[in-house]
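First up is the structure itself, then whatever we jot down about it.
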Amino acid sequence: MLDCDSQREQLETAIRGLKCLLSLPPEYTGDVLGDVQMPSVPGCERRFSRIYCPGPLVPAGFRYQPSIAAVAREPEWYRVYMVNLSRGGLQILHHEQVFPGEHFEIGLLDGSRRLCRAAWCHYLNHCCYRVGAAFVKESSEASAAD
Amino acid sequence: MTATTEGACEYGLFPIATKTLCDGSPPDVEIFLKGGKGARPTLFHKRGTPLDQPALERLLDNGVRTLYVSSAEIDQYNDYLLAEVMANEDRPPLERFELLRDASQSVVLNAMVSGHAESVLQVTGEFAERLVDVIWDRQVVLMDLFGVMAHDYTTFTHASNVSTYCLILAEALGIRSAQQLVSIAQGGLLHDLGKRHVPKKILNKKSQLSETEWREMQKHPTLGFQELCGQDDVDLGQLMMVYQHHERWDGKGYPVGIPAEETHLWARICAVVDAFDALTTDRPYRRGYVAENAINYLDMQAGKSFDPEIVRCWIAILKENS
């Protein structure tokens with residue numbers, strides 16, 4: 001049986017192998033999330049404190065879940081990067097615009113997968129968007145963006 | 001929602017445009033007149049009886065542009081409007097346009113109050129089709145049309161003006177598909193739908209908004225998008241008209257701050273005419289600009305706030321028809 005560290009390494013290798021079309025802005029040079037306390041953004045209504053992810057960018061797997069009929073999405077996995085994480089949601093960097101209310105699955109380095117609902121999205125450059133999302137409770141259709 | 005219509009809505013009544021009743025064959029519904037401050041609405045027309053046309057004329061002469069029908073009968077009224085009034089080919093196109101404009105304002109208000117996205121889409125879709133019928137193939141001369149656009153700003157006059165302008169501009173930009181033009185006209189009617197979730201005290205505020213109030217106001221594209229995106233009948237372009245009409249060419253808009261090339265064409269069209277209508281209509285805190293000043297403003301903002309190609313096209317249309 002693999003220990004936790006090697007499991008994490010394997011997951012990280014798998015996630016790093018995912019397609020990634022992100023083009024990071026200059027402040028992320030060296031694959032490091034430099035600005036730990038990123039400023040709050042309009043539309044962000046999370047209630048619980050966040051754990052930011054300073055230092056080397058933390059990768060995660062990302063896959064759209066069908067949610068908005070008019071918005072066509074490929075059901076493939078992408079590599080995204082985490083900005084922060086809290087009990088109720090997370091912020092990620094993704095290569096394209098995600099619309100409010102869109103659902104996606106996120107695969108974290110601890111092996112867990114969470115269904116998320118996007119709450120807001122901000123443009124950083126043409127291949128980098130900062131996306132805030134709430135975890136969707138399994139028993140209910142949607143949770144508040146906390 | 002205006003203070004006057006708000007009172008009537010408390011009684012389960014929806015506003016309708018008085019002019020739409022001037023045909024002599026009234027809809028089979030009860031029609032109410034709003035009471036004075038705090039008073040209950042009074043019955044103006046009893047179902048199954050002939051409509052008192054002289055009394056209706058007097059109301060119009062006295063500036064009563066809105067009457068009311070019960071929420072239970074709004075569907076009958078809308079059926080009457082579409083079948084008897086809008087489809088009447090004997091009416092001159094400009095008159096049909098004016099009726100349609102007045103009626104669409106009621107439709108948008110009803111939609112704002114009713115709260116059902118599905119019915120909002122159905123009703124606005126039907127009206128968008130009529131609008132395309134009237135305006136397409138130049139049944140209406142644009143110069144005449146600009147002359148009868150409503151210049152008193154409310155959320156509702158604004159929606160119908162934007163819908164009409166979007167349609168004209170889209171066609172001038174080369175969009176020829178009737179289906180797409182209907183979608184665009186409908187998107188124009190819906191573009192500010194999210195404002196129904198913005199507190200009325202903010203929407204109707206006459207002085208400058210505070211930072212907090214401004215943040216609330218800025219939520220309306222997202223709220224409108226979220227309301228419509230679950231509907232099967234809405235297409236991507238319409239969703240983008242709702243979601244992206246406050247994005248700017250230079251990327252300094254909201255909610256995403258996305259720049260020009262990433263914004264949907266229909267949203268860029270909507271942004272230009274939305275600003276034009278906002279500038280040229282009277283607001284509680286200022287008189288509307290004359291068209292020339294609005295044109296100068298749009299020209300100045302081309303390449304900053306707005307797509308310069310679209311601004312050029314819109315200005316050309318305005319100048320041709322002035």
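Order of the sequence lines sets the chain letters (A, B, ...), proteins ahead of strands, with each chain counted from 1.
Within the 4.5 angstrom heavy-atom criterion, no atom of B/Glu216 approaches chain A. For A/Glu102, no part lies under 4.5 angstrom from a heavy atom of chain B. Proximity to chain A (any heavy atom under 4.5 Å) is restricted, for B/Tyr243, to the side chain, taken from C-beta onward. For B/Leu236, the parts lying under 4.5 angstrom from a heavy atom of chain A are both the backbone and the side chain.
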task: Given side chain to side chain contact (heavy atoms under 4.5 Å, CB included), test B/Glu262 with A/Gln97 step by step and report yes or no.
output: CA-CA 9 Å; B/Glu262 321 252 348; A/Gln97 184 173 192; 5.9 Å; no
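Enclosure of atom CD in B/Glu261 by more than 12 non-hydrogen atoms of other residues, nucleotides or ligands within 6.0 angstrom is indicated. The local environment of CD in B/Glu309 is sparse, with at most 12 non-hydrogen atoms from other residues, nucleotides or ligands closer than 6.0 Å. Within 6.0 Å of the CD atom in A/Glu74, the count of heavy atoms belonging to other residues, nucleotides or ligands does not exceed 12.
Here the straight-line distance linking atom CZ of A/Phe99 with atom CG of B/Leu239 works out to 8.0 Å at 0.5 Å rounding. The distance from atom CD1 of A/Ile68 to atom CG of B/Leu228, rounded to the nearest 0.5 Å, is 11.0 Å.
Top candidate by heavy-atom pairs under 4.5 Å with chain B, chosen from A/Ser67, A/Cys121, A/Ala72, is A/Cys121.
Of all non-hydrogen atoms in B/Phe225 and A/Pro100, the two that sit nearest each other are CE2-O, 3.2 Å. Contact between A/Ala70 and B/Asp235 at its shortest, heavy atoms only, is CB-C, 3.9 Å. Looking at every heavy atom in both residues, A/Tyr129 comes nearest to B/Val256 through CE2-CG1, 4.0 Å.
Contact annotation: the side chain of A/Trp120 never approaches that of B/Pro255 to less than 4.5 Å [non-hydrogen atoms, C-beta and beyond].
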